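Encoded as structure tokens, the structure appears first; notes follow it.
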Amino acid sequence: MTAKILDGAALARTIRAQCAVRAAALTKAGTQPGLAVILVGEDPASSVYVRHKVKDCEESGIRSILERMPADTTEAALLARVEALNADPSVHGILVQLPLPPQINERRVIESISPDKDVDGFHVVNAGALMTGEPRFLPCTPYGVMKILEDAGVELSGAEVVVVGRSNIVGKPQAMLLLQRNATVTICHSRTRDLAAHCRRADVLVAAVGKARMITAEMVKPGAVVIDVGMNRIPDGPNVGKLCGDVDFDGVSKVAGAITPVPGGVGPMTRAMLLVNTLEAAERDHAAGNPPVAKAI
Ligand code: GUN
């Protein structure tokens with residue numbers, strides 16, 4: 001079997017085009033959507049991600065504000081910046097790029113973002129809303145994965161779904177979203193006994209562990225849908241440094257029914273869903289009668 005490729009890059013292009021239409025309509029109505037991105041330090045991978053996010057905004061008609069802060073920024077200084085952005089009516093979404101330097105408590109920073117501007121969906125209020133089935137902002141990666149599955153027409157009701165990874169950003173919210181679609185969800189992690197046996201039961205397998213090519217062909221049920229959330233660099237060999245996922249694509253694509261590639265699968269969808277969340281935030285704000293006031297500079 002050769003798996004169907006689930007083209008996240010193409011789907012993301014469609015979603016970005018839809019976002020551009022929504023952003024133009026909202027801007028015409030008096031509210032230009034605005035996203036503030038804070039990058040603390042100069043982590044190379046984070047710098048690339050942030051640059052892409054800002055570029056996506058520009059191309060969709062969303063105003064973006066990129067704030068760079070030095071690596072030795074104190075927690076108090078970062079909290080003060082977030083507070084100012086919370087109070088700025090021209091900013092509808094705030095994203096603090098993770099990871100943060102060790103002197104800063106990540107949780108405290110996430111909780112300082114107004115839940116109404118938390119376009120990452122990481123705030124405890126938004127995580128709780130997802131848990132109780134009334135989500136406001138969905139974390140972008142799991143949201144993007146759900147869109148890929150929906151676009152591919154994957155039946156989730158009653159399906160055996162295995163999520164490998166239990167992070168707050170991906171694994172846990174992903175499991176919740178799948179549960180809401182009536183899948184039977186198993187979350188596997190580093191202490192799971194016989195990971196391969198769990199994975200082999202899966203009709204849909206979501207790999208979100210952060211380990212290059214750890215899901216191999218023998219761990220996949222023939223015909224399964226495989227979603228690869230991983231973004232790793234190949235540690236050694238002839239392709240050292242090249243981007244790869246958590247799934248051994250060459251082997252698994254011969255067994256699976258459908259698979260997302262890396263790059264070009266989940267990554268572009270994560271970025272697209274950030275635009276969707278920012279638009280949601282701006283549309284809600286506009287509907288509440290809070291168009292941005294001109295800022296005195
Ligand atoms: N670092 C890696 N992924 C993400 C993300 O989705 N949001 C934020 N804020 N930081 C990240």
Side-chain angles (χ1 to χ4, degrees), residues 8 12 15 34-57 62 64-69 71 73 75 78-79 81-82 85-86 91-102 104-127 130 135-148 165-174 176-177 206-211 227-233 243 245-246 262-263 265-278 280-281:
I15 290 173
L35 173 69
V37 178
I38 303 181
L39 175 63
V40 184
E42 270 135 41
D43 176 67
S46 292
S47 298
V48 172
Y49 293 146
V50 161
R51 248 199 334 270
H52 283 148
K53 287 169 185 174
V54 168
K55 181 171 152 278
D56 288 347
C57 283
I62 295 173
S64 64
I65 306 117
L66 173 57
E67 303 216 359
R68 292 175 184 276
M69 301 180 82
T73 297
E75 186 177 300
L78 180 55
L79 291 174
R81 273 319 295 148
V82 171
L85 293 166
N86 279 340
V91 171
H92 304 98
I94 302 171
L95 182 147
V96 179
Q97 185 66 26
L98 305 178
L100 289 167
I104 299 176
N105 180 316
E106 259 176 28
R107 236 323 112 193
R108 223 172 279 145
V109 172
I110 290 168
E111 303 311 344
S112 76
I113 298 170
S114 162
D116 295 331
K117 297 189 178 189
D118 169 37
V119 285
D120 261 327
F122 294 168
H123 193 287
V124 72
V125 165
N126 289 320
L130 168 60
R136 301 185 325 153
F137 291 115
L138 298 177
C140 300
T141 299
Y143 194 4
V145 168
M146 296 309 285
K147 288 283 174 196
I148 290 173
R166 56 174 158 178
S167 69
N168 288 332
I169 294 181
V170 184
K172 286 188 215 166
Q174 188 72 73
M176 279 301 135
L177 286 170
V206 181
V209 252
K211 279 200 184 145
I227 304 289
D228 190 350
V229 179
M231 284 273 210
N232 313 292
R233 298 279 162 193
L243 194 64
D246 291 347
V262 177
V266 174
M269 286 300 292
T270 297
R271 284 163 52 189
M273 301 328 287
L274 176 63
L275 303 180
V276 171
N277 280 349
T278 303
E280 294 279 341

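When a ligand or atom number is given, it counts from 1 through the structure's own listing order. All values reported here derive from a predicted model rather than from experimental measurement.
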Identify the closest protein heavy atom to atom 1 (N) of ligand 1: which residue and atom is it, and at what distance?
Leu98 O, 2.9 Å

Side-chain (Glu106) to main-chain (Leu100) donor-acceptor, under 3.5 angstrom
yes

Would Tyr49 count as a contact residue for ligand 1, given that I'm defining contact as a non-hydrogen atom of the residue lying under 4.0 Å from a ligand atom?
no

Residue, atom and distance of the protein heavy atom nearest atom 5 (C) of ligand 1 read Asp120 OD1, 3.8 Å

Please lay out, stage by stage, how Ile15 and Met269 fare under the test side-chain contact (heavy atoms from CB on, under 4.5 Å).
CA-CA 9 Å; Ile15 290 173; Met269 286 300 292; 3.5 Å; yes

Number the atoms of ligand 1 from 1 as they appear, then name those within less than 4.0 Å of a heavy atom of Leu95, with their elements.
9 (N)

Smallest separation among heavy atoms of Leu78 and Met69, with atom names
CD1-SD, 3.8 Å

Exam field: side chain Asn126 to backbone Arg136, donor-acceptor pair closer than 3.5 Å:
no

Would you say the side-chain atoms of Asp228 pair up with the backbone N or O of Asp246, donor to acceptor, closer than 3.5 Å?
yes

Starting from atom 11 (C) of ligand 1, find the nearest protein heavy-atom neighbour and note its residue, name and distance.
Gln97 NE2, 3.4 Å

Does the N or O separation between Val96 and ligand 1 drop below 3.5 Å for any pair?
yes

